[in-house]
There are 2 protein chains.
Amino acid sequence: MNIGQAAKISGLTIKTVRYYDNIGLVMAYQDPENQYRVYSKDDIAKLQFIGRARRFGFSIQECRELLSLYQDKNRPSREVKELTLEKLSKIDNKLDELKNLRKQLYRLSKSCSGDDRPDCPILDALASEN
Amino acid sequence: MNIGQAAKISGLTIKTVRYYDNIGLVMAYQDPENQYRVYSKDDIAKLQFIGRARRFGFSIQECRELLSLYQDKNRPSREVKELTLEKLSKIDNKLDELKNLRKQLYRLSKSCSGDDRPDCPILDALASEN
DNA sequence: AAAAAGCTTCTTGTGGCAGGAAGGTAGAGA
DNA sequence: TCTCTACCTTCCTGCCACAAGAAGCTTTTT
């Protein structure tokens, strides 16, 4: 199967699939005649797997780890769960950060009349020491 | 004032300050003798301003806009408020996204026993069509 | 036969810097 | 005077995860 088909089925773009080949994440067999990448069913499964993991917010590096765990039929499920919990905690941190930011920005926006007058507490806040 | 002082006072790194000079965000006067960047009080104020705006999650481009609004004493506060509200809505979108992600990942992690056995619903979920 | 779609490689750009190389400069201390 | 340290400069590369596009093949369709 060529890269176009592989991309379509896996729900990724051609560029992305080629990129994954370049960085050695999912390497395709290369036809000696025309240099085209050829994808097996197994490759497709990996691409789909990665696509889903990416949608779950896992980084490429994490996908790499998940993939190797996925292919190792004897690994303990603990390892996968740990990776997932780590990810979860990172997301929680990011959530806290964003919530704080939101609160501060919201306060700022509230304080500004937002009309034709030039007085703007938002800019004042950004300009002042506190 | 040299870049080291400017960086310290504004709470940014030297690299960052130099970067802002390069991209024309806050351009320093250049001493013809030794090519050193020289920062005025006004420049410092801008750097601090940008530092705060960045901490509020504004992008460089948005900082550029805020800065020009900041320097224009006659602009209506409406413009600044609009920019802030846009930012707020972007943050809200990101929050929703992250919350959904968190929920899904949490469910996955819950479903996995996380022990020495190889059975792992997380990997199963990432591998299956749904 | 010609056009289209599909494939290849390669380079560049994105955002917002960090890190480091290679070298000039200024001031303090031995 | 020499050296040490600290500070400054420019320029290049790396990070992440690709997207966009150029130039040039091949394959399929009309």
Side-chain angles (χ1 to χ4, degrees), chain A residues 1-39 43-44 46-67 87 90-91 94 97-98 101, chain B residues 1-40 43-44 46-67 87 90-91 94 97 101:
Chain A
M1 183 181 302
N2 285 344
I3 198 172
Q5 278 290 310
K8 197 161 288 175
I9 293 182
S10 64
L12 305 172
T13 70
I14 291 184
K15 297 275 187 186
T16 300
V17 175
R18 202 175 281 130
Y19 174 72
Y20 289 168
D21 182 60
N22 284 336
I23 65 173
L25 188 53
V26 177
M27 296 172 72
Y29 165 79
Q30 204 151 31
D31 189 328
E33 274 191 39
N34 55 12
Q35 304 296 78
Y36 280 19
R37 290 172 180 81
V38 180
Y39 288 86
D43 294 332
I44 302 293
K46 285 186 199 170
L47 288 175
Q48 291 179 321
F49 180 92
I50 293 164
R52 288 191 202 98
R54 291 286 297 140
R55 257 168 267 137
F56 273 106
F58 289 99
S59 72
I60 294 288
Q61 182 52 39
E62 288 165 332
C63 286
R64 223 184 270 273
E65 297 171 31
L66 282 174
L67 204 54
K87 195 73 210 172
K90 280 186 201 165
I91 290 177
K94 194 72 191 168
E97 212 179 301
L98 272 181
L101 204 58
Chain B
M1 184 181 304
N2 285 347
I3 198 172
Q5 278 291 309
K8 197 163 289 178
I9 294 183
S10 64
L12 304 173
T13 69
I14 291 184
K15 294 278 189 184
T16 300
V17 176
R18 204 174 280 130
Y19 175 71
Y20 289 168
D21 182 60
N22 284 336
I23 65 173
L25 188 53
V26 178
M27 294 173 72
Y29 165 77
Q30 204 151 29
D31 188 328
E33 274 191 41
N34 55 11
Q35 304 294 79
Y36 282 18
R37 290 172 182 80
V38 181
Y39 287 87
S40 68
D43 294 331
I44 302 293
K46 284 186 199 172
L47 288 174
Q48 291 177 322
F49 181 92
I50 292 165
R52 289 191 201 99
R54 292 286 296 141
R55 257 168 265 137
F56 273 105
F58 288 101
S59 72
I60 294 288
Q61 182 51 40
E62 287 165 333
C63 286
R64 221 183 271 272
E65 297 171 32
L66 282 174
L67 204 55
K87 195 73 210 170
K90 280 185 201 168
I91 290 177
K94 194 72 191 167
E97 214 179 299
L101 204 57

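Protein chains get the first letters and strands the later ones, always in sequence-line order, with residue 1 at the start of each.
With the end axes of the helix from C/dA1-D/dT30 to C/dA30-D/dT1 each set by five pairs, the angle from one to the other reads 30° at 10° resolution.
Across all strands, A/Gln61 comes closer than 4.0 Å to no nucleic acid atom at all (heavy-atom distances). Across all strands shown, A/Ile14 has heavy atoms under 4.0 Å from sugar-phosphate atoms exclusively, and none from any base. Within 4.0 Å (heavy atoms only), B/Ile3 reaches sugar-phosphate atoms of the nucleic acid but no base atom.
Nearest-nucleotide assignment on DNA chain C puts the 5′-proximal partner with A/Gly4, out of A/Gly4 and B/Tyr20.
For A/Lys90, the side chain to side chain donor-acceptor pair (under 3.5 Å) partners are A/Glu62, not counting sequence neighbours.
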Pairs of donor and acceptor atoms involving the side chains of residues 18-31 of chain A, under 3.5 Å and at least two apart or interchain, shall be tabulated with distances.
| unit_1 | atom_1 | unit_2 | atom_2 | d |
| --- | --- | --- | --- | --- |
| A/Asp21 | OD1 | A/Ala28 | N | 3.0 |
| A/Asp21 | OD2 | A/Arg37 | NE | 3.0 |
| A/Gln30 | NE2 | A/Gln35 | O | 3.0 |
| A/Asp31 | OD1 | A/Glu33 | N | 2.8 |

Donor-acceptor list for residues 9-16 of chain B side chains, cut-off 3.5 Å, not counting sequence neighbours:
| unit_1 | atom_1 | unit_2 | atom_2 | d |
| --- | --- | --- | --- | --- |
| B/Ser10 | OG | B/Ala6 | O | 2.8 |
| B/Ser10 | OG | B/Ala7 | O | 3.2 |
| B/Thr13 | OG1 | B/Thr16 | N | 3.0 |
| B/Thr13 | OG1 | B/Thr16 | OG1 | 2.7 |

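For the residue pair B/Arg54 and B/Cys63, the shortest heavy atom distance occurs at CD-SG, 3.8 Å.
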Could you encode protein contacts along nucleotides 19-30 of chain D as a string, one character per nucleotide from 5' to 3', using B for base contact, S for sugar-phosphate-only contact and - for no contact, with a heavy-atom cut-off of under 4.0 Å? SBB----SS---
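Atom P of nucleotide D/dC8 and atom CG of B/Asp31 are separated by 13 Å, given to the nearest angstrom.
Nucleotides of DNA chain C lying under 4.0 Å from heavy atoms of chain B occupy a range whose first and last members, 5' to 3', are C/dG16 to C/dT25.
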